[in-house]
Amino acid sequence: MYQSVIQRVGSIPELLDIVFDHLDHASNANNAVVCKVWSEVARDKLWREVCNPTQLLSILAPISDLTGSFERKLEPKDWSRFMTYARRVRKFTYEDLSHPHQITPASFAEISETRTSLSLLPHLREFTYATDLSSHRRFAVLFMNESVRRFNLQLDDEPEPLRPFFDNILARMPHLTTLDLRTTRPASSIERDFVHLLNKLPRLEKVVVPPYHITNPVMQTLAKLPNLGVIEFQYLRYQGIGDKEDVRYFNPNIPEDGFPALWDLSLSAHLSQFIPVLSDTLAPAAKNLTSLYVHAISVESEASVRQYFTVVGENFPLIRSIYLEALPGPTMSTQWEAMEPEFEALTLETLKPLLDCPRLTTFELMYPIPLRLMLDDLETLTSRWPTLEVIDLNREPVVLGPAMGTQSNLTLRALFPFARNCPNLRKLGLYLHATEKDLPSVSEIPRPFTKLIELNVGLSSIGEPEAIALFLSRICPADCNIEAGVCWSYAETFVDDASRAVMGERISSWEEVNFYLPLSVKLRHEEKIARDSLEREVEDLRIRNAILAEKSAMALKGDGDSGCVIA
């Protein structure tokens, strides 16, 4: 009876699907040969995501490692076997960039001629196609079909017309909801064809492009898409890069009914040009905006940053995430071409317009020089942002003077306002001057962080690592990680040799802190357990003594051992 129950439970496909989700590839390969029921579910898992086109296409016939060609002619029975697996594929990546064993055009041509079904992968949902050969681009159509919802396309650099290829996308994948374009071509060279493509994909919900590809025509076209929620650019290497000149003048003409569903916007522009666009054009249209990432190619003054924050605070009541990157991007602006660029410091007055954003959960500010903030300023900010989960107040300013001479006004006491006022804080980034000379006493330390998982100190100066770790152990959770260094990949351009040496010393010291911190937190926890035990014992003795004293005063006999005992 028990055995039959186990067998019935082990034959429920939905239950097997959940279990197999938590197993690795090798385990599911073993599951595929257990029985017929297990085989179906396990093979679905094994073939759900295919990242090696040779692995998939070799089901038809063996493919030579030397030539990339089929070793024999394809037959109808090969397609019957292939479709058994092809119908399981939901995510397919074809990438032959610099691959030594590329599948030859002749093999693709044979697939096209002999296939028995128009859709090679009938249930495909996500398709990634990356090739550096324009001659291979046309073979992407073999894997396109109406079931695809996300298309990641890496364009080659060949100066061939894109319109025919884009027309194939429209004809074969008309229901796309996510389009991710990866290219090193400048936006101006593909803008006309790209706008044509976007215009014909009304179901798009997300568009991802390289930096400097959100141009005026592209922005105006995106504004017409009724379901578009996310416009995003990425700095990832494979994403590519555009040309800064293509966004030199940013003044798109967006109607008031544009962007009806937009909630997440990322773009690059000169801040002075973006401010009027934001206030006059985007504010009336994109009222549902909750996330805004702006890479400011240039910043004229502190006043322009304050004006930008004012426009955001006054016009977007639902905003939850604000990112301002006022650092040079992959292509430098003229502001950064001088040997000694000058920038005005940002203060509390700069940030005050954002205090009226009650829903703010994420705020990240990247600026060339340290912020001019004091401890009281942080108290003001955190008391108005109790919902904060992630905040970065310019942890890695890249213009710090000779040998990193510009120090922060903030010491380790700067952690206190966040610990007191932001109970949900998970990630904190600060540029500090952390020394053992200004360590607070134990009585000054507020309630420790409870959810903090990352404290990023960037390029902060530091004193004795052991003392700093000991202090942090009183306020940071056991699983909190201390991060230091420069994440901005172009910082080396603005750092001289002497400063680079100082930077290395600081990073090394903070790494020591990160090494000591878990041990210190563990020791602190053990001390707390011992202290709590001692306090309970003292309280028990105090109560026993009070009872004995009372009995003595009343001239009563009693056994001291029968007194009250607190476990």
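When the side chain to side chain donor-acceptor pair (under 3.5 Å) test is applied to Q273, no partner is found at least two apart in sequence or on another chain. With sequence neighbours left out, E191 forms a salt bridge (Lys or Arg N to Asp or Glu O under 4.0 Å) with no residue at all. With sequence neighbours left out, T183 forms a side chain to side chain contact (heavy atoms under 4.5 Å, CB included) with L155, L181, R185, I190, P210, H213. Contacts of S272 classified as side chain to side chain contact (heavy atoms under 4.5 Å, CB included), with partners at least two apart in sequence or in another chain: H270, E300. With sequence neighbours excluded, no residue forms a salt bridge (Lys or Arg N to Asp or Glu O under 4.0 Å) with K427. With sequence neighbours left out, the side chain to side chain contact (heavy atoms under 4.5 Å, CB included) criterion links E205 to T177, N227. Scanning for salt bridge (Lys or Arg N to Asp or Glu O under 4.0 Å) contacts around E511 gives an empty result, with sequence neighbours left out. The side chain to side chain contact (heavy atoms under 4.5 Å, CB included) search around D392 returns E364, R395, not counting sequence neighbours. Not counting sequence neighbours, the partners of E49 by the salt bridge (Lys or Arg N to Asp or Glu O under 4.0 Å) test are K91. Listed by chain and residue number, R248 satisfy the side chain to side chain donor-acceptor pair (under 3.5 Å) test with E245 (two or more places apart in sequence, or in another chain).
Applying the side-chain hydrogen bond (donor to acceptor under 3.5 Å, both in side chains) rule to pairs touching residues 314-323 yields nothing, sequence neighbours excluded.
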**Request:** Quick one: do R182 and D180 satisfy salt bridge (charged side-chain N to carboxylate O under 4.0 Å, His left out)? Show the steps, please.
**Result:** CA-CA 7 Å; R182 307 165 184 178; D180 186 341; 3.2 Å; yes

Donor-acceptor pairs under 3.5 Å, side chain of residues 370-384 to any protein atom, not counting sequence neighbours: which ones?
residue, atom, partner, partner atom, Å
D377, OD2, M374, N, 2.9
E379, OE1, R420, NH2, 2.7
E379, OE2, N421, ND2, 2.9
T380, OG1, D376, O, 3.1
T382, OG1, L378, O, 2.9
T382, OG1, E379, O, 3.4
T382, OG1, N421, ND2, 2.8
S383, OG, E379, O, 3.0
S383, OG, T380, O, 2.9
R384, NH2, D356, OD1, 3.0

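In this structure, the side chain of T221 engages the main chain of P217 through a donor-acceptor pair within 3.5 Å.
For Y293 and E325, the side-chain atoms include at least one donor-acceptor pair closer than 3.5 Å.
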